[in-house]
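Structure first, commentary second.
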Amino acid sequence: MDREERYRLVARNTAEIVTEEELDSLLDRDPTIYIGYAPTGEMHIGHFTTIRKLADFLQAGLDVKVLIADLHAHLDDEKSPFDLLDARSAYYREAIEGMVAAAGADPKQVEFVPGREFELSSEYSLDLLRMAADTTVARTRRAGSEVVRQSENPTLGGLLYPLLQSLDVAALEADIAYGGIDQRGIYMLSREVLPEHGYDAPVCLFAPLLSGLTGGKMSASEAGSSITITDDSEAVKQKVADAYCPQGEVEDNGVLEYLEYLIFPILDERKDPFVIERPEEYGGNVTYEGYAALEADFVSKGLHPQDLKTAAATYIDEAIAPIRDRFADRPNLLIEAYPETYD
RNA sequence: CCGCGCUUAGCUCAGCCUGGCAGAGCAGCCGACUGUAGAUCGGCUUGUCCCCCGUUCAAUUCGGGGAGUGCGGACCA
């Protein structure tokens, strides 16, 4: 694969790259890229889009590491109780492997690292404390404002969170930090503070944050706003049917975004087309080879939201089906990770 | 260690002073209008009023005790 194609694969479907020049020069070799997931709530289709891209990285020859950020899950307002960290980490790992496989890549090529495996070492702790000594409360709050749950009385855990995440980059020896654009504040802090403590500033790659199905931002606390990776066919159908999807409009349109960032890349990998079945009355069936043509038809109102939704639900359901099947075989993973929901 | 505040619907909170069938907004659900959804309109659901004891015909409300949570003060050799 030539250099240009590698860059294209790594950079496609991203919201921002800091900086493009730095990324390009990293491709002189095979750099290490990492993304961290805090094992909190159940994983959804938003996670899937970021994980889908790991397939791009692998194909471009990058070393891919996934941090299962167990301590972060607890430090951020105790989103996960300490006692559930192991169970949720196991669930996240299985889910992520399932998504990588569903994206057409080999999960064995991804290196998984639990946070507690290295975040408690004395070197890490010392670095953390030294960073804490020269980082103001205001600075760390600003850095974490889009990620860490905000409250009137923030805990020390939430304030430490951005510093841990910065040190993770160094400890994992990652050249590139990958994550949603909501992580921008934290990694900009990393770029500032890591060099002051003897480490390299990471190149940053940010994924766009996709809209929720109810319009506006996707929210984990709003059930209808996202499709969970273990939702059954009926739930997928229902959620897509209920989705905010104004005719001809692209903005805040979750249905279109899932097609662009998740479904089409997967179909592209398999060289499959996207087929919309439509009554003759409304123009009959249509086939799309790429997202751009579909969006153009939708914007010109040649493609009605109802027909789009029906097809989208089918393809989304098909995309998560293999992941759902994995958990059907191992129901304890979910029961133990989310006893309140599944027990 | 001391003082003060808070705890009521899924969420944010009002009500308590002056005891009398537990409320609002948001969310959710159902209809109407749309070849989807949303918006709009109409309708509807939801409660261990933190716990225990006491006073009272009657306690979410008053008194006592306790729990959880938050803030402040004191201590600073």
Side-chain angles (χ1 to χ4, degrees), chain A residues 40-42 44-46 49 74-84 137-138 141 145-146 148-160 209-228 231-264 274-288 291 293-320 338-343:
Chain A
T40 54
E42 283 188 66
H44 51 71
I45 204 162
T49 61
H74 188 65
L75 284 174
D76 183 4
D77 200 36
E78 299 180 281
K79 281 179 181 171
S80 287
F82 197 79
D83 289 346
L84 287 180
V137 169
R141 285 190 80 172
S145 65
E146 293 294 315
V148 178
R149 184 173 289 166
Q150 301 295 298
S151 85
E152 205 178 326
N153 301 299
T155 63
L156 207 48
L159 295 174
L160 243 25
L209 244 44
L210 304 192
S211 300
L213 288 176
T214 50
K217 284 185 179 174
M218 191 178 321
S219 160
S221 54
E222 202 185 326
S225 115
S226 67
I227 292 168
T228 303
D231 274 347
D232 61 26
S233 299
E234 203 48 47
V236 173
K237 223 167 93 181
Q238 193 60 53
K239 285 180 181 179
V240 175
D242 290 344
Y244 172 79
C245 188
Q247 185 168 24
E249 272 186 39
V250 175
E251 197 180 339
D252 281 340
N253 192 323
V255 180
L256 283 179
E257 291 177 20
Y258 298 155
L259 294 182
E260 178 177 10
Y261 293 102
L262 182 65
I263 301 302
F264 271 97
F274 186 83
V275 181
I276 293 181
E277 294 183 2
R278 194 164 59 171
E280 285 304 325
E281 177 190 354
Y282 298 125
N285 297 359
V286 256
T287 298
Y288 296 99
Y291 172 76
L294 180 146
E295 186 184 291
D297 273 2
F298 187 79
V299 168
S300 72
K301 302 189 179 177
L303 176 58
H304 191 275
Q306 176 68 77
D307 300 318
L308 175 74
K309 281 183 170 183
T310 308
T314 303
Y315 280 90
I316 290 171
D317 183 49
E318 192 183 302
I320 64 171
Y338 305 100
E340 306 270 315
T341 309
Y342 290 97
D343 206 11

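Nucleotide C4(B): paired with G70(B) (Watson-Crick or G-U wobble, both distances less than 3.5 Å). Pairing partner, C75(B): none, since no Watson-Crick or wobble contact has both distances short of 3.5 Å. Across every strand in view, G10(B) sits in a pair with C26(B) that passes the Watson-Crick or G-U test at under 3.5 angstrom. G35(B) is unpaired under the criterion used here, namely a Watson-Crick or G-U wobble arrangement in which both key atom distances are under 3.5 Å. Summarising the base pairing, U18(B) is matched to no nucleotide, lacking a Watson-Crick or G-U wobble pair whose two defining distances lie under 3.5 Å. Base pairing annotation: C62(B) forms a Watson-Crick or G-U wobble pair with G54(B), both donor-acceptor distances under 3.5 Å.
Residues L84(A) and P339(A) meet the side-chain proximity criterion, which asks for heavy atoms closer than 4.5 Å. Looking at Y315(A) and V275(A), their side chains come closer than 4.5 Å, going by heavy atoms from C-beta outward.
One P atom belongs to A14(B), the other to A58(B), and the distance between them is 30 Å to the nearest Å. Rounded to whole Å, the P atom of C75(B) lies 24 Å from the corresponding atom of G70(B). With both ends at atom C1', the span from A67(B) to G31(B) equals 46 Å, rounded to whole Å. Taking atom P in both C29(B) and A39(B), one finds a spacing of 11 Å when rounded to whole Å. When the C1' atom is compared between C49(B) and G19(B), the two are found 15 Å apart, to the nearest whole Å. Rounded to whole Å, the P atom of G28(B) lies 35 Å from the corresponding atom of G68(B). Between the C1' atoms of C21(B) and G63(B), the separation comes to 25 Å (whole Å). Distance noted for atom P between G64(B) and U45(B): 39 Å (whole Å).
Rounded to an integer number of Å, the gap from E249(A) CD to U34(B) C1' is 15 Å. Between H304(A) atom NE2 and G38(B) atom P the separation is 14 Å, expressed in whole Å. E152(A) places its CD atom 13 Å from the C1' atom of U12(B), with the value rounded to the nearest Å. Between Y258(A) atom OH and A37(B) atom C1' there is a gap of 14 Å when expressed in whole angstrom units. Atom-to-atom, NZ of K309(A) to P of G35(B) comes out at 15 Å; the value is rounded to the nearest Å. Nucleotide U69(B) holds its P atom 13 Å from the CG atom of D77(A), rounded to whole Å. One interatomic measurement links the two molecules: CD of Q306(A) to C1' of G35(B), which rounds to 7 Å at whole-angstrom precision. Residue Q247(A) contributes atom CD, which lies 18 Å from atom P of A39(B) at whole-angstrom precision.
For the pair N153(A) and C71(B), the criterion of a side-chain N or O lying under 4.0 Å from OP1 or OP2 is met.
In summary, of the residues considered (N285(A), T310(A), V286(A)), a side chain to side chain contact (heavy atoms under 4.5 Å, CB included) with E277(A) occurs for N285(A) alone.
Using a 30° and 60° split on the angle between ring planes, F274(A) and Y288(A) fall in the tilted class, from 30° to 60°.
Relative to the side chain of P305(A), the nucleotides U36(B), G35(B), A37(B) differ in distance, and U36(B) lies closest.
Checked by atom type and distance alone, the side chain of D76(A) pairs as donor or acceptor with a backbone atom of R149(A) at under 3.5 Å. Side-chain atoms of Y258(A) do not come within 3.5 Å of backbone N or O of I263(A) as any donor-acceptor pair.
Among the heavy atoms of the strands, none lies under 4.0 Å from E281(A).
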